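These numbers were taken from a predicted model, which means no experiment stands behind them. Hydrogens, waters and symmetry mates are skipped; everything else that's a heavy atom, side chains included, is used. We're numbering straight along the sequence, starting at 1.
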Amino acid sequence: MPIVRYFIFLFFLFAVIYPVIWQFFPVAFSRLLGAAGIVLALFTLRSAYVAKVFREIVFGYVLLIFIAFFQSTVNNSMDIEYLKHVLILPILNLFAGYVLYSMVDKEDRSFGRLCDSILFVAVIQAFISFAMFLSPELTNTIHSMIEYNEGTEEKLETLTHRLMGVGQAFWGAGVNYGIDILILSVLPDVKGSIICKYKILYWSITAILLLAGIFSARTFFISFIFIALYFVLMKKNIFVTIVHSYKYILIIPIFLFLYHFLRVQLGTKFEKVEAFTYELFNNYEESGEFESSSTNKLKNMYDILPSETKTWIIGDGKFKNDDGTYYMYTDVGYSRHIFFYGLIGLIPFLIVLLFVYKTCARQYHNHAIKTFIWILFLFELTLNFKALMSLSPYWGLFLAWGAMNRDKENELIKNELIRKSNN
């Protein structure tokens, strides 16, 4: 692919994975890309197979939208924010994936190449985050250009002890970098990756993203559990792999150099970052308990439960308060689903999510990719015990890529059978 077109592709990919609303433009660019994808699909999608896959996913979310409207009728309350962020956004992300796939040349449409591109934009995000952390002036300039709600603005003013990028902040940054490291774990088991071809590039990216993840959010450490799960399910011994490959040692000096560079440049500020990052471990050393201010706050949020049977069944139809704070002041993802449309909404939502990941995994023959997708599903389920989180920017890409490539593969098989029958 020509280098200019590839950079345009990376720009669009960055916008999908790290959505942001700018002061000078009222809609996130990723939303426009998704809407453009719907229009593009209506006029250019000729594959019956891909159309069927997309239609089934859209039907699932439309069903959830109908449930949302049903409870809004009963409760006489409809919070449009839930529809936009939880039910409509995944559809837009899927069709944004269709647009991005259409931009890529045939030889660059493998799962491995897609993962390469995701990692490249993650590295770009990491460097932006490092630059913003080193330069308060740059941070203020970028934040002044971005549209934040009142609650987020207050957090930005008080949080100076973690990395924040463009369209990525707080615990969500840890989620993004966690997925990036999981992708790096899967990449050696798939074909087509350029990053894996050059080990120094692979381990340099690993070191950069590890450092960025560690100092962005403590949620990042959760991803290590799922990386270990991947190795277990793939029956791979990570310790034997490391011992048998001297190239793995490359990550140590790269990581230590970056770590030392930041420590020297930031001084006292970096000490605050370390204190925040390692709070869980420091508290365990002092008191024997793994706890932090955020985990204690999360525990208290689990005491916030519906007090009425009606709320458990059909919710209250509310997602946010008038001042922009979360309804009932709870971050817990499953609680927020229940408070919006109760168990009649949460259970179908989880069924639709399961169907999405099952459909996504079905598009691939490679066992490593299938395993990765199911681990991503478990990761999303786990994250919602902490806060509301959708990984649709990722599964939208993987599903669009998988369905389109599967269709091309089916077409080749069909043509080969026709050729043989004619002979």
Side-chain angles (χ1 to χ4, degrees), residues 1-22 25 27-41 54 89-129 142 146 165-169 172-173 175-184 186-187 190 192-196 201-202 205-206 208-209 212-213 216 360 363-364 369 372-373 376 389-405:
M1 184 191 301
I3 189 67
V4 174
R5 185 145 59 90
Y6 185 63
F7 276 121
I8 295 173
F9 168 78
L10 289 181
F11 172 81
F12 288 154
L13 182 62
F14 188 100
V16 171
I17 296 177
Y18 311 109
V20 63
I21 299 177
W22 299 98
F25 201 75
V27 182
F29 192 73
S30 59
R31 276 55 160 178
L32 292 179
L33 197 64
I38 294 175
V39 176
L40 182 67
F54 281 27
L89 185 57
I91 298 175
L92 294 177
N93 283 331
L94 174 61
F95 283 94
Y98 176 72
V99 174
L100 291 171
Y101 182 90
S102 303
M103 294 177 62
V104 180
D105 291 339
K106 184 183 297 184
E107 61 272 15
D108 295 320
R109 288 175 171 173
S110 68
F111 180 85
R113 291 291 178 87
L114 171 61
C115 289
D116 283 348
S117 299
I118 291 173
L119 293 172
F120 287 145
V121 297
V123 170
I124 293 171
Q125 179 70 275
F127 279 121
I128 293 173
S129 300
I142 292 178
I146 297 175
V166 175
Q168 171 183 267
V175 172
N176 289 132
Y177 288 124
I179 293 174
D180 296 330
I181 298 299
L182 181 57
I183 289 173
L184 282 164
V186 176
L187 213 51
V190 301
S193 170
I194 295 175
I195 290 176
C196 274
L201 177 62
Y202 179 91
I205 289 175
T206 302
I208 292 168
L209 297 182
S216 291
C360 188
Q363 308 310 312
Y364 297 94
I369 299 176
F372 163 74
I373 289 169
L376 203 62
M389 173 59 66
S390 170
L391 301 185
S392 62
Y394 293 97
W395 64 247
L397 290 168
F398 298 138
L399 182 51
W401 243 255
M404 295 295 290
N405 285 336

Given the rule in the side chain to side chain contact (heavy atoms under 4.5 Å, CB included) test, do V190 and C115 qualify, once you have shown the distances and angles that lead to the verdict?
CA-CA 10 Å; V190 301; C115 289; 5.8 Å; no
Partner residues of Y394 under the ring pair (Phe, Tyr, Trp, His ring centres under 6.0 Å) criterion, sequence neighbours left out
none
In this structure, CD1 of I369 is separated from SG of C360 (nearest 0.5 Å) by 9.5 Å
At what distance, to the nearest 0.5 angstrom, does CG of N93 lie from CG of L397?
7.5 Å
Contact summary for P19 and R31, nearest pair of heavy atoms
CB-NH1, 3.2 Å
Output for pair (I142 CD1, S129 OG), nearest 0.5 Å, gives 9.0 Å
Under 3.5 Å: donor-acceptor pair, side chain of D116, backbone of I194:
yes
Taking all atoms of both residues into account, what is the closest heavy-atom pair of A15 and S30, and its distance?
O-CB, 3.2 Å
Side-chain touch F372/L182, heavy atoms, less than 4.5 angstrom:
yes
Should W22 and V166 be marked as a side chain to side chain contact (heavy atoms under 4.5 Å, CB included) after you check the CA-CA gap, both sets of side-chain angles, and the distance that decides it?
CA-CA 10 Å; W22 299 98; V166 175; 3.9 Å; yes
Do S390 and L89 make a side-chain contact, defined as non-hydrogen atoms from C-beta onward lying under 4.5 Å apart?
no
So I118 and I179, do their side chains get closer than 4.5 Å, heavy atoms only?
no
Identify the two heavy atoms, one from G37 and one from V99, that lie closest to each other, and give their separation to 0.1 Å.
CA-CG2, 3.2 Å
Does the side chain of L399 come within less than 4.5 Å of Q363's, by heavy atoms?
yes
With sequence neighbours excluded, what pairs up with Y98 under the ring pair (Phe, Tyr, Trp, His ring centres under 6.0 Å) test?
none
Is it the case that the side chain of Y101 and the backbone of G402 share a donor-acceptor pair, with hydrogens and angles ignored and the cut-off at 3.5 Å?
no
Quick one, L33 with L92, criterion side chain to side chain contact (heavy atoms under 4.5 Å, CB included). Give me CA distance, side-chain angles, the key distance, then yes/no.
CA-CA 8 Å; L33 197 64; L92 294 177; over 6 Å; no
For R113 and E107 the tightest heavy-atom approach is NH1-O, 3.6 Å
What residues form a ring pair (Phe, Tyr, Trp, His ring centres under 6.0 Å) with F120, not counting sequence neighbours?
none
Would you please classify the geometry between the F111 ring and the F398 ring as parallel, tilted or perpendicular, with 30° and 60° separating the classes?
tilted
So how far is it from L391 CG to N176 CG, rounded to the nearest 0.5 Å?
9.0 Å
Trace of the side chain to side chain contact (heavy atoms under 4.5 Å, CB included) decision for Y202 with L184
CA-CA 8 Å; Y202 179 91; L184 282 164; 3.7 Å; yes
If you round to the nearest 0.5 Å, how far is OG1 of T206 from CG of L201?
9.0 Å
Shortest non-hydrogen contact between V16 and A96, atoms and distance:
CG2-CB, 4.0 Å
Side chain proximity check, V39 to F95, heavy atoms < 4.5 angstrom
no
Would you confirm whether R109, through its side chain, and V104, through its main-chain N or O, come within 3.5 Å as a donor-acceptor pair?
yes
Q125 and F14 have their tightest heavy-atom pair at NE2-CZ, 3.5 Å
The reported gap from CZ in F9 to CG in D105 (rounded to nearest 0.5 angstrom) is 10.5 Å
